[in-house]
Amino acid sequence: MRKLMIPVVVIFIALLLMSMFVVKEGERGIVVRFGRILKDNNTEVARIYEPGLHFKVPVFDRVHDLDARIQTMDDQADRFLTAEKKDVIIDTYVKWRIKDFGKYYLATGGGNTSTAETLLKRKVVDSLRAEIGAKEIKQIVSGKDSGASAAKDKSDVAQTKAAQAALDVIEGVVPVKEVEGQRDQIMEDVLNETRDSAKDLGIEVVDFRIKKINLPDEISESIYRRMRAERESVARSYRSQGRQRAEELRARSELEVATILSEAKRKAQVIRGDADAKAAEIYSKAYSQNPEFYSFWRSLKAYEKSFNSKNDVLVVDPNNEFFKYMNHSELKTN
């Protein structure tokens with residue numbers, strides 16, 4: 001009897017362990033029996049097991065753990081066609097979580113996350129494609145109030161300016177009036193449409209956002225060339241204005257220099273003339289006081305200048321007036 005009890009106890013313990021399962025925090029569990037999801041009593045709603053320890057029927061029941069947290073679907077950017085038949089590349093992300101675990105399990109083939117995101121992405125892209133196809137580029141890249149966005153978010157300003165410049169390049173004209181931006185409205189419309197369509201998957205779409213809007217590479221390259229040419233044109237204009245301004249300043253400074261020099265020369269001539277007149281007046285007074293001494297002093301100065309060097313040779317008549325003070329040792333004095 002004791003030998004039979006041991007296998008029974010072992011089997012009992014094994015069945016007990018097989019009947020227990022644990023649902024982790026952040027997850028929810030559903031039990032599938034004979035290929036069908038267990039539902040609450042007298043309802044068509046799947047029985048959901050909260051985090052913690054639970055029991056099941058061994059062998060016949062299979063537990064599937066599903067992530068109940070908010071998940072992010074951030075896939076590669078897609079190409080869309082606008083109302084102007086121009087291509088844009090839009091990068092988006094979606095925040096979603098499981099709302100109806102039973103419906104999600106059936107719709108995704110056993111709760112496969114990759115399958116769920118593939119189905120959800122298809123719905124998001126279809127909705128976004130419909131919205132983008134009815135809008136112009138300016139409406140797509142601009143928010144509801146471009147001026148307010150410019151004051152609040154510098155990155156939005158850069159994207160809006162670049163996109164509007166790109167649109168001008170593509171269209172080849174300068175827009176006459178502002179087009180109301182509808183980027184925020186597009187995101188809201190896509191979010192609402194996706195929420196409704198994702199209910200079939202048992203998914204609740206929490207948020208939808210457009211991260212980035214780009215133009216195709218072939219168009220972007222032509223835009224960059226155009227923008228570069230425009231910047232170079234502006235630079236040339238600034239350089240030309242700078243040279244013109246420099247010439248004006250140089251001409252003005254030269255005129256001021258010439259005016260100052262002319263005025264200085266005039267004043268110098270006036271001062272020199274006054275000095276010559278004063279010197280002449282002094283000479284005249286000195287001559288009138290003693291003409292003979294003045295004549296003698298003038299002759300000495302002339303001798304000094306004439307015989308300044310030993311090599312000087314002067315050939316003149318000794319009786320010349322020039323030597324009158326040398327020939328007469330005595331001068332007449334009054």
Side-chain angles (χ1 to χ4, degrees), residues 1-78 91-129 187 190-211:
M1 187 67 179
R2 188 176 295 177
K3 292 182 178 180
L4 292 175
M5 287 296 294
I6 294 175
V8 171
V9 172
V10 171
I11 293 173
F12 176 76
I13 294 174
L15 291 175
L16 181 62
L17 293 175
M18 292 175 61
S19 65
M20 291 189 300
F21 66 93
V22 177
V23 179
K24 298 179 181 179
E25 185 66 32
E27 295 182 348
R28 299 293 183 271
I30 61 174
V31 176
V32 178
R33 180 180 297 169
F34 302 118
R36 301 187 64 178
I37 300 175
L38 292 185
K39 296 181 172 57
D40 288 333
N41 296 330
N42 302 324
T43 64
E44 292 296 325
V45 180
R47 184 183 299 172
I48 306 300
Y49 293 88
E50 298 291 330
L53 179 63
H54 302 277
F55 295 92
K56 65 176 179 175
V57 177
V59 181
F60 302 106
D61 290 350
R62 293 183 178 274
V63 180
H64 295 272
D65 294 327
L66 302 176
D67 196 338
R69 297 170 298 180
I70 295 177
Q71 303 183 58
T72 302
M73 183 181 70
D74 189 359
D75 207 348
Q76 293 182 347
D78 290 315
D91 191 5
T92 62
Y93 72 87
V94 179
K95 295 284 187 180
W96 65 278
R97 64 185 172 190
I98 303 172
K99 185 70 173 178
D100 189 332
F101 290 88
K103 187 180 291 185
Y104 174 82
Y105 178 83
L106 296 174
T108 58
N112 190 306
T113 304
S114 299
T115 303
E117 289 192 346
T118 300
L119 296 173
L120 180 60
K121 180 177 176 61
R122 189 178 304 164
K123 294 178 180 296
V124 172
V125 170
D126 290 343
S127 178
L128 182 59
R129 196 176 301 279
M187 291 189 293
V190 172
L191 177 60
N192 293 332
E193 292 177 12
T194 309
R195 275 177 177 169
D196 294 337
S197 61
K199 290 179 180 179
D200 298 339
L201 303 176
I203 291 175
E204 177 189 5
V205 178
V206 179
D207 194 14
F208 168 79
R209 293 291 168 183
I210 296 176
K211 293 198 306 181

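Quantities reported herein were computed from a predicted structural model and do not represent experimental measurements. Here, residue 1 is the first one in the sequence, and each next residue gets the next number.
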Sub-4.5 Å side-chain heavy-atom contact between L38 and K56: no
Walk me through it: do T113 and T108 pass the test side chain to side chain contact (heavy atoms under 4.5 Å, CB included)? CA-CA 8 Å; T113 304; T108 58; over 6 Å; no
Between E27 and P51 the two heavy atoms that sit nearest each other are O-CG, 3.7 Å
Let me confirm one number: the CG-CG distance from L191 to D196, rounded to the nearest 0.5 Å. 9.5 Å
Using the rule given for side chain to side chain contact (heavy atoms under 4.5 Å, CB included), can you reason through F208 versus R195, listing the C-alpha separation, both sets of side-chain angles and the distance that settles it, and then say yes or no? CA-CA 10 Å; F208 168 79; R195 275 177 177 169; over 6 Å; no
Just checking K24: does its NZ atom have more than 12 heavy atoms from other residues, nucleotides or ligands closer to it than 6.0 angstrom? no
More than 12 heavy atoms of other residues, nucleotides or ligands under 6.0 Å from NZ of K99: yes or no? no
Min side-chain heavy-atom separation E50-V23 under 4.5 Å: no
Starting at CD of Q76, measure out to NZ of K121 and round the result to the nearest 0.5 Å. 8.0 Å
Have T72 and K95 got a donor and an acceptor in their side chains that come within less than 3.5 Å? yes
Roughly how far, to the nearest 0.5 Å, is CE of M187 from CG of N192? 12.0 Å
Which atoms form the tightest heavy-atom contact between A46 and I37, and what is the distance? CB-CG2, 3.7 Å
What pairs of residues pass the ring pair (Phe, Tyr, Trp, His ring centres under 6.0 Å) test when at least one of them lies in residues 25-50, not counting sequence neighbours? F21-Y49, F34-F60, Y49-H54
Nearest non-hydrogen partners of S127 and E193, listed with the distance: OG-OE1, 2.5 Å
Do you know the tightest heavy-atom contact between V57 and D61? N-OD2, 2.8 Å
Taken in chain and number order and not counting sequence neighbours, the residues that satisfy side chain to side chain contact (heavy atoms under 4.5 Å, CB included) with H64 are I30, V32, R62, Y105
Are any non-hydrogen side-chain atoms of T194 and V94 less than 4.5 angstrom apart? no
Output for pair (I11 CD1, M18 CE), nearest 0.5 Å, gives 11.5 Å
OH on Y104 to CG on D200, rounded to 0.5 Å: 15.0 Å
Find out whether L120 and V205 are in side-chain contact, i.e. whether some heavy atom of one side chain is under 4.5 Å from a heavy atom of the other. yes
Just verifying a value: how many Å separate I203 CD1 and L119 CG, rounded to the nearest 0.5 Å? 7.5 Å
Between L17 and M20, is there a side-chain heavy-atom distance shorter than 4.5 Å? yes
Can you find a heavy atom in the side chain of V206 that is under 4.5 Å from one in the side chain of R97? yes
Evaluate K211 against D74 for side chain to side chain contact (heavy atoms under 4.5 Å, CB included), listing each step before the verdict. CA-CA 10 Å; K211 293 198 306 181; D74 189 359; 3.0 Å; yes
Non-hydrogen side-chain atoms of I98 and R28 separated by less than 4.5 Å: no
